[in-house]
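A short worksheet on the structure shown next.
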Amino acid sequence: MNAHPRPSGRSSVLPVLVIVGMVLLAAMCTVGGDGPGRVVLPWAMVGAALAAAAWAVRRARADRAAYESRLTAWAASEAVLAERLRIAGDLHDIVSHGLGLITVRAAATRHLPKPAEVEAALTDIEDASRHATAELRRMLTVLREPSAAGLRAPLDGLDDLPAIVDGAAVAGLRTRLTVDPALGAVSQGVQVAVCKTVREGLSNAARYAGPTDVRVAVHRDGRFVVAAVTDAGPSDPAWRASPGAGHGLVGLRERVTSLDGTLTAEPVDGGFRVAARIPDDAA
């Protein structure tokens, strides 16, 4: 699903060069005649050709730079849109799960003796949660592309962190995971953001530092959950980085910001650190 069409890379150089070529060809037809033009005209044609070539080179470079700038902006906007759709899907799964529990708990009290006022209130709660769940599903269906309207992958949680970190060994990363035992309860949305931060940090380390040591730490700082991925930098002097387009960090920043958190990505002690700090009152 694209918010805007992909920018065009068409240049204005070719049509101008065709016109210049036609003019030069017409001028060449006059060569060989008598008069002073037979001396002046060839040099004029050479000068015009050189000037047209120089202009074409400058114009082509400017068009290419402008196209790359438009393409980068387009790709970034598409990354943000895709991340927002994923956030919408994740929120649907999280909220619908909570509403489903409310519905089940309210329905389970039907057989219990209770005052009429309590029974009416529980019936209203059950009806409201059913309607809210149906509306969430309807909105998500509108947001998704038809091709993506099928099954969704299960949401990542803190229990998935060991598998995520261990999986980075395929890229040669030597990882160490530390999760603070005092972390306490963490809301589902923050857990998803923490896992995505760890995934992006490990991917960033694999692209830029290659086989190296990476520390992954998750802890609580007051009402904030902090997830940080810190690599030690390239361990092999011959390592060549393979940078991406930076869209992963753009999408991650969008997700963290949507939770009123902050994301930092900066060099640290010869390596690089990606850290998310997200408020969470679940504990």
Side-chain angles (χ1 to χ4, degrees), residues 1-4 72-102 129 132-145 147-149 151-161 164-165 179-180 183-204 216-230 244-266 272-283:
M1 182 177 184
N2 295 335
H4 306 286
T72 299
W74 173 82
S77 67
E78 290 301 308
V80 170
L81 174 62
E83 187 64 22
R84 285 180 175 176
L85 292 180
R86 284 193 290 269
I87 292 171
D90 292 347
L91 287 177
H92 166 270
D93 293 342
I94 295 168
V95 176
S96 64
H97 175 70
L99 289 176
L101 288 178
I102 294 172
S129 61
T133 302
E135 283 299 306
L136 281 171
R137 290 173 178 166
R138 182 187 65 80
M139 288 187 293
L140 185 61
T141 301
V142 173
L143 286 174
R144 286 178 179 165
E145 292 182 347
S147 60
L151 296 175
R152 284 179 52 82
L155 294 174
D156 286 331
L158 296 183
D159 292 339
D160 298 306
L161 282 178
I164 294 173
V165 173
V179 179
D180 188 355
L183 184 63
V186 178
S187 62
Q188 182 65 64
V190 176
Q191 291 190 46
V192 173
V194 166
C195 291
K196 288 191 175 293
T197 300
V198 172
R199 288 184 187 276
E200 180 60 28
L202 293 173
S203 176
N204 188 76
V216 180
V218 181
H219 68 278
R220 183 176 290 277
D221 182 11
R223 61 183 294 263
F224 293 90
V225 173
V226 181
V229 181
T230 309
H247 300 154
L249 284 175
V250 172
L252 178 60
R253 191 178 303 277
E254 180 74 15
R255 175 177 290 271
V256 172
T257 303
S258 72
L259 297 173
D260 293 329
T262 57
L263 180 72
T264 57
E266 57 188 0
F272 200 81
R273 183 172 185 263
V274 176
R277 181 180 173 87
I278 309 170
D280 183 58
D281 297 321

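Residues take their numbers from the sequence shown, with the count starting at 1.
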>> So, taking the atom named CG in Asp281 and the one named CZ in Arg223, what distance separates them when rounded to the nearest 0.5 Å?
In response: 4.5 Å
> Could you state the interatomic distance from CG (Leu158) to CD (Gln188), rounded to the nearest 0.5 Å?
Replying inline: 8.5 Å
>> Are the side chains of Val216 and Ile164 in contact, using a 4.5 Å heavy-atom criterion?
In response: no
> Just wondering, do Leu263 and Thr257 contact through their side chains at under 4.5 Å, heavy atoms?
Replying inline: no
>> So Leu259 and Pro279, do their side chains get closer than 4.5 Å, heavy atoms only?
In response: no
> Between the main-chain N or O of Glu200 and the side-chain N or O of Ser203, is there a donor-acceptor pair closer than 3.5 Å?
Replying inline: no
> If every non-hydrogen atom of Arg277 is compared with every non-hydrogen atom of Phe224, which pair is closest and at what distance?
Replying inline: NH2-CD1, 3.5 Å
> Roughly how far, to the nearest 0.5 Å, is the CG atom of Asp159 from the CD atom of Gln191?
Replying inline: 7.0 Å
> Looking only at heavy atoms, which two atoms of Ala228 and Arg273 are closest? And how far apart?
Replying inline: CB-NH2, 3.6 Å
> Considering all heavy atoms of both residues, which atom of Ala193 and which atom of Leu252 are nearest to each other, and what is their separation?
Replying inline: O-CD1, 4.4 Å
>> Strictly distance-based, threshold 3.5 Å: is any side-chain N or O of Arg220 a donor or acceptor partner for the main-chain N or O of Val186?
In response: no
> What's the shortest heavy-atom distance between Gly157 and Cys195, and which atoms?
Replying inline: O-SG, 3.1 Å
> To the nearest 0.5 Å, what is the distance between CG (Leu249) and OG1 (Thr197)?
Replying inline: 9.5 Å
>> Which heavy atom of Asp280 sits nearest to which heavy atom of Ala185, and what is that distance?
In response: OD2-O, 3.7 Å
> How would you list, by chain and number, every residue that makes a salt bridge (charged side-chain N to carboxylate O under 4.0 Å, His left out) with Arg199, sequence neighbours excluded?
Replying inline: Asp156
